[in-house]
Amino acid sequence: MAQTFKSLPAVPDHAALEREILAWWDAQSSFDRLREQNRGGERWSFIDGPITANNPMGVHHAWGRTLKDVFQRYKALRGFDQRYQNGFDCQGLWVEVEVEKSLGLNSKRDIEAYGLAEFAARCKERVAEYAEVITEQSKRLGMWMDWDNDYHTFSDTNISYIWGFLKAVHERGWLYTGHRATEWCPRCGTSISQHELFAGEYKELEHPSLYVRLPLKERPGESLVVWTTTPWTLPANVAAAVKPDAEYGLRDGQWRLAVDGEEYDHVARGEELVGLEYMGPFDDAPAQEGIVHRVIPWDDVVLDEGTGIVHIAPGAGQEDFDLSRVHGLQVLVPIDESGVMLPGFGPAEGLSTDEAADVLIEDLRRRELLVDSGVITHRYPTCWRCGTPLVFRVVDDWFIACDDIRQPMLDANATVQWTPDYYSKRMDDWLRNMGDWNISRKRYFGLPLPFYPCDCGQLNVIGSRAELEERATAGLDGLQELHRPWIDEVTISCSSCGNDVRRIPEVGDAWLDAGIVPFSSLGWNNPEWIEHGYATGAASGLSGADLPDHEYWEHWFPADWISEMREQIRLWFYSMSFMSMTLVGRSPYKAVLTYEKLLDEHGREMHRSWGNAIAADEALDEMGADVMRWLYSEANPGQNIKFGYGPAREVKRRLLTLWNSVKFFVDYANVSEGGDVGELEPLDRWLLARVEQLVAETTDAYERFWTPDVVAAFESFVDDLSNWYIRRSRRRFWDGDAAALETLRTALLRSLVVIAPVMPFLAEHLWQVLRPAEAPESIFLARWPEPGELDEQLLAEVGETRQVVDLGRQARAGAQLGLRQPLRRLVVQGAPLAERHADEIAEELRVKVVEFGDIEATELHVKPNLPVLGPKLGRELGAVRAALESGDFEEVDGGFRAAGRDLSADEVLVERVGKEGWAVAHADGITVALDTALDPELELEKRVLDLIHELNAKRKDAGLELTDRIVVTLPQAASDLLAHEDWIKDEVLAVEIRTDGGSAEPTIAKA
Ligand SMILES: [Zn+2]
Ligand SMILES: [Zn+2]
């Protein structure tokens, strides 16, 4: 082999090597060349789910971004033409919350005092800053994307497309305002939609728990007792609910649910209490004026907590609100949007819901209405953005009715291929249960909802920026982007009466922003391609993305594949499908890969405050991108991943086998004199077949979007390559055998291509080392290998041979006979395919003879499987057990017969034990038995092997080159080993072996 290969250090420095490759890809324009090579090829459409440009990328983001890159690289190797547009999510509550934190703003009032224009500018700056940070991190991770052509969800183009969707929704009659009870974040000052509620955490919180007496008006001395954990809702009380068919008892003047076995002054069914009037807990509060408090019936009263009598405040609870509809109750909303008690609601007005508790409790106590009070710890929902405990408020929000779209979305989901497949059902469950989509948020830096309600009753919905410009009557001049405060200055003329109308102040749910991407970024319905036309409004200057034309959309829609974490079922996967089914009646994606959560290596959630969080930059530096990608790729996406430095070290250790194999090749190829490859040996043909098998297995796994099988197939291949092919061919490499060298190199090159999508840096680096001059410079230009013919027979033979050898090693280990102790005989049963490889087995296991046939060297030990046989045999068990123990049984039809009973295979425990003088191992139907007897000849050979081992270690310690010859000096006591002089010389490259009476141990010197 004339070529000289760059030699490798003992271990790779992943981070340094990766930086080199990044620079080399840049210099070579490798990614551009790849895209050029695939241009016009078959389409494979990937649409990126936007990452929020709000903070640096986390290691959990890196998981998803790795999977995206793995499959885009795989498809690129297969020649598919692809889009590589990255997306950034840029507006909405989570951006606002971070900006508020950085500016030290604590409420909506603070934001308004700061000024909406300035606030919008800060939001945009934050997005720009972190978009850049994430871009750099993603490049470092190895993500090949069309950077600087990203889509940004706050571009006017994106917003205009959402307006089009909202207009379509309105035209179908699905848009409505709802006076509704909703979960509300008092800090963010906005309602929390159903999907946001699920995204939030339930925290264990302490709340007051109080029992309050409500005197019955017409029954002096009698009161209802209610229980509540939210004292701030009491001033909004309008009714008390009882379960009509439950029994209530009166004792000491107090009505509660009757408990079996207790004595009461009087017992009544709930329905008998219905209609009674009572005094409210805060009747003096102005808000309570004119309220008549009554007992109402409610079948759903919970009986296992509280008193069985439920305090009803329709302005502060979901079910309460629903009951108000049924019973015509008044709805009193006691708190404002920051969770502060409103004027007119009693002694705690002006206080937060938390602060109000003590004041209200004290007031109830003073008026002798408090029966009891304490503290309860319970699970309570919190805001998914800021962690603040949520409250209930009744507010006016905008909704999209979903009943008409539900079934079409279910039908569309049935066409989607989910990985793992059971997530399809999760999506179905979500769709079946989804409530109407609450799309309005009472916030600032978000999608401005294009709703212009007119006093004449007309709701004007603007469908695009162009339509806004057409219908505007004022404010257009100052409209620098479609955001507040500028958009709020634009008035339009009502389509019905022609009067000027203002926009509602609300902004939209951020999932509208991401859901429209398959339309806005692909140029749906856009007549002409506009260069940089996507980068409008807040996005201008941040992205050079074009607005393509409709033809482009037709080519790239729907996506062939998308991938995000499982949470996105009720978020992005849902909103995209909702919008697409509404606009074009087709699913926007054909296949989805979704994955679970990232935990630390001990299985705990990562939290900065727990000290177990790992920053992505740190991981990239310490582990290297390839190792991270390996961890993500080997994980089953259906399970939480345990991520950390421990698992990373383990991966590095495993990758070393590949590294060492390449290094082995380089070291021997560089000292070989080359020559004709000539005829291949069976082992060479086996390795080449084995690599074809790897290609077939990994192709299949990639096609199923299942990276764990890619990694497993590759690791098993590298094990075969290193621990069988190289081991078995050592001698040939020492001799510079051209066939062995060329076979090894071919196998390595082919295997590198199939693992390159998972581990792009190391694969590229090793490709550079090994590639023939005529091969493509970058591994990513090499194209996917088509699997060749598989020699199944040969693969099966060697597979079985390796199993026999593994069992032989186990048997040796069991008998505590090291591999350097030669043995006489091995008997193999149940491995007919290995028979042709008896010589290899003998060499590997260092036995003189390998025989195939029945093994008589074992004894069968059979015991009753007690949990099965005990109940079945009862008293007969004793006799059977005794018969089995004494060996008084026979084998029949895969089972046994003992003491007159037939025992099936699962009723007994069978063990094969070596007879005296034999070591036995057994697995998968193969049994091997090793004759463990030693004799002087075997013992002498063992000492020779020990010596060879020792001398080779000394060669290594002395830093000798592979080709250096040596002179060996043995102590006199070892002179009997000279019976094997030639053997020793051969193994240690010695030109001479002397004996020397003086030395205590062998020494070597360079010849
Ligand atoms: Zn919040
Ligand atoms: Zn009007």
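FYI, side chains are in, hydrogens and waters are out, and symmetry mates aren't considered; it's all heavy atoms of this structure. Remember, it's 1-based here, ligands and their atoms both numbered in the order they're listed.
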What is the ring orientation for [X] with [Y], classed by angle as parallel under 30°, tilted 30 to 60°, or perpendicular over 60°?
X	Y	answer
Trp384	Trp511	tilted
Phe399	Tyr176	parallel
Phe445	Phe154	perpendicular

With the Zn ion (ligand 1) at the centre, find the angle made by SG from Cys185 and SG from Cys383, to 10°.
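My answer is 110°, to the nearest 10°.
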Just one of Tyr423, Tyr574, Phe573 clears the ring pair (Phe, Tyr, Trp, His ring centres under 6.0 Å) bar with Trp430, so which one?
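So the option named by the test is Tyr574.
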So does Arg126 pair up with Glu129, basic N to acidic O under 4.0 Å?
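Not counted as a salt bridge, because no side-chain N and carboxylate O are separated by less than 4.0 Å.
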Output yes when Glu337 and Lys442 qualify as a salt bridge under the 4.0 Å nitrogen-oxygen rule, no when they do not.
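No salt bridge links Glu337 with Lys442.
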So, at under 2.8 Å, which protein N, O or S atoms would a careful student list around the Zn ion (ligand 2)?
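Less than 2.8 Å away from the Zn ion (ligand 2) sit Cys454 SG, Cys456 SG, Cys494 SG, Cys497 SG.
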